[in-house]
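Notes follow the structure.
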Amino acid sequence: MKKKWNVLLLGSGGREHAIAHSILKSPLLDSLKVYPGNGGFDSELVIPPGILGWKPTDKKNFQDYIKGKFDLVIVGPEDPLVAGVADWCKEIHIPCFGPSAYCAQIEGSKDFAKKLMKQANVPTAKHETFSDFDSSWSYVQKQGVPIVIKADGLAAGKGVTVCTELQQAELALKEIFLDQKFGSSGEKVVIEDFLEGEEASVFAICDGEDFILLPTAQDHKRAYDGDKGPNTGGMGAYCPAPIANKLVMDQVSQDIVAPILHIFRTIGQPYVGVLYVGLMIDKNSQVKVVEFNCRFGDPETQAVLQLVEDDLLNIFYQASNGKLKSLPEVKISQDSASIIVLAAEGYPGDYVKNIDLKDFDKARSENDDVIIFHAGTIRSADGNLLSSGGRILGIVNRSKTLAESIDKNYSFLNNRSIPSTFYRKDIGRRAL
Ligand code: AMP
Ligand code: GLY
């Protein structure tokens with residue numbers, strides 16, 4: 001076996017910047033390439049835009065480009081996984097850290113995930129699936145509110161409506177079925193009971209048979225303080241989450257991850273990569289699954305990875321080769337980590353672009369307290385750092401306590417004023 005690996009990392013978010021930050025420290029890394037990357041990556045790491053893609057028509061080009069060049073492909077986001085990039089790698093015998101298209105349906109189709117949970121006896125909200133407006137709307141009227149309406153397919157985090165009024169539900173169903181707001185992702189709709197409790201994200205690193213649970217994080221999905229405003233991809237997170245006690249983690253292992261991996265394995269479709277378990281935890285520490293994702297969460301990962309003391313690249317490589325068992329127990333720090341997301345004014349709706357970020361560029365080399373992970377940033381031709389996305393940067397700190405970690409992040413951010421941006425001021429307040 002080769003001693004060092006050439007690695008390709010797919011994705012462009014803060015999550016991928018954090019993954020790169022961890023694996024660049026690995027003595028097992030020969031070289032890293034990133035596609036498409038963002039303004040935070042050194043330019044020599046980045047494969048230029050337009051070279052790779054994940055539409056079915058891109059398959060041959062993708063395989064021709066990576067063949068013989070890489071020993072491992074790590075996939076950050078869900079889109080390439082749902083499209084089948086892991087299968088493309090497997091066909092040309094390159095290990096891939098990420099599930100096959102079949103397994104990625106666990107995120108790509110809410111109906112698939114619900115059926116799987118039923119089969120595996122995984123605790124989750126009661127649901128029904130519909131494929132037209134009339135029957136779904138009459139079901140909602142019978143059930144009453146609160147109720148949750150979910151477009152079946154990928155919808156960039158916008159496909160779920162938690163309805164507290166019937167009118168809201170009617171509008172959501174009309175948008176899905178009549179306006180076809182989500183295109184083919186809205187051909188079916190999953191309608192499920194509203195769950196009460198506190199949410200948490202757990203990442204299981206899976207090799208098809210065995211798995212490792214990383215410490216639990218809590219995300220902040222709403223745009224504004226006090227959990228107000230529209231849902232976003234996530235405005236901040238912290239780790240570990242005090243709510244995830246031993247009882248919670250035992251349920252995640254025994255009642256959720258193990259049975260799901262078992263079903264995939266028995267049908268000859270072993271699940272390799274991250275299984276993201278979105279939990280609702282009630283006041284008695286009983287858990288139910290709100291959603292599965294086939295990848296790491298963003299921004300939770302940026303905090304979680306700061307607590308992993310072992311070689312992340314080796315963990316990914318062994319998982320991708322079905323060999324997690326060969327690793328000793330993964331060392332996890334007892335510290336805490338947190339991330340605050342800096343977003344562009346208007347996000348998650350239409351947001352301001354091309355915001356000048358030179359203050360953060362300078363701060364990167366000046367500040368030891370925080371790590372700055374880039375998300376929606378680009379470098380202009382003359383080398384200036386500009387915003388290009390809604391979530392621009394994540395400010396991350398690891399400290400002995402959560403209070404200290406959050407404090408350090410806020411003292412960094414509060415000392416800077418960047419026009420046309422905003423961030424939540426209450427990340428982690430619940431845990432404190
Ligand atoms: P999902 O994409 O399925 O995670 O849903 C997005 C968000 O909607 C979740 O993070 C929850 O905040 C909320 N949500 C989804 N399903 C439910 C449910 N059954 N009960 C309460 N809230 C839910
Ligand atoms: N932060 C939520 C997600 O990655 O889906």
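All values reported here derive from a predicted model rather than from experimental measurement. As the structure lists them, so they are numbered: ligands from 1, and atoms in each ligand from 1.
- Within the 4.0 Å heavy-atom cutoff, Glu196 does not count among the residues contacting ligand 1.
- Here is the list of ligand 1 atoms found below 4.0 Å of a heavy atom in Phe194: 20 (N), 21 (C).
- For the residue pair Ser109 and Asp152, a side-chain donor N or O sits within less than 3.5 Å of a side-chain acceptor on the partner.
- Every atom of ligand 1 is numbered from 1 in the order shown, and the set under 4.0 Å from a heavy atom of Glu192 is 16 (N), 17 (C), 18 (C), 19 (N).
- Proximity of Gly297 to ligand 2 is established by a heavy-atom distance of less than 4.0 Å.
- Checked against the 6.0 Å centroid criterion, the rings of Phe296 and Tyr276 do not qualify as a close aromatic pair.
- The aromatic ring centres of Tyr271 and Phe264 sit less than 6.0 Å apart.
- The aromatic rings of Tyr224 and Phe422 sit tilted relative to each other, their planes meeting at an angle between 30° and 60°.
- The aromatic rings of His17 and Phe41 are tilted relative to each other, their planes meeting at an angle between 30° and 60°.
- Remark: the Ser201 side chain and the Asp219 side chain contain no N/O donor-acceptor pair separated by less than 3.5 Å.
- Backbone and side-chain nitrogen or oxygen atoms of Arg295 are examined, and one is located within less than 3.5 angstrom of a nitrogen or oxygen of ligand 2.
- Among protein heavy atoms, atom 2 (C) of ligand 2 sits closest to Asp219 OD2, 3.3 Å.
- Residue contact check for ligand 1: Asp219 places no non-hydrogen atom closer than 4.0 Å to it.
- For ligand 2, one of its N or O atoms has an N or O atom of Gly233 under 3.5 Å away.
- Of all the heavy atoms of Asp193, the ones lying under 4.0 Å from any atom of ligand 1 belong exclusively to the backbone.
- For His374 and Phe360, the ring centers sit 6.0 Å or farther from each other.
- Considering both main-chain and side-chain atoms, Val162 never comes within under 3.5 Å of ligand 1 through any nitrogen or oxygen pair.
- Figure legend: Lys110 and Phe112 shown without cation-pi pairing, the cationic atom not lying both under 6.0 angstrom from the six-membered ring centre and within 45 degrees of its axis.
- In terms of polar-atom proximity, defined here as any N/O pair under 3.5 Å, Asp298 does make such a contact with ligand 2.
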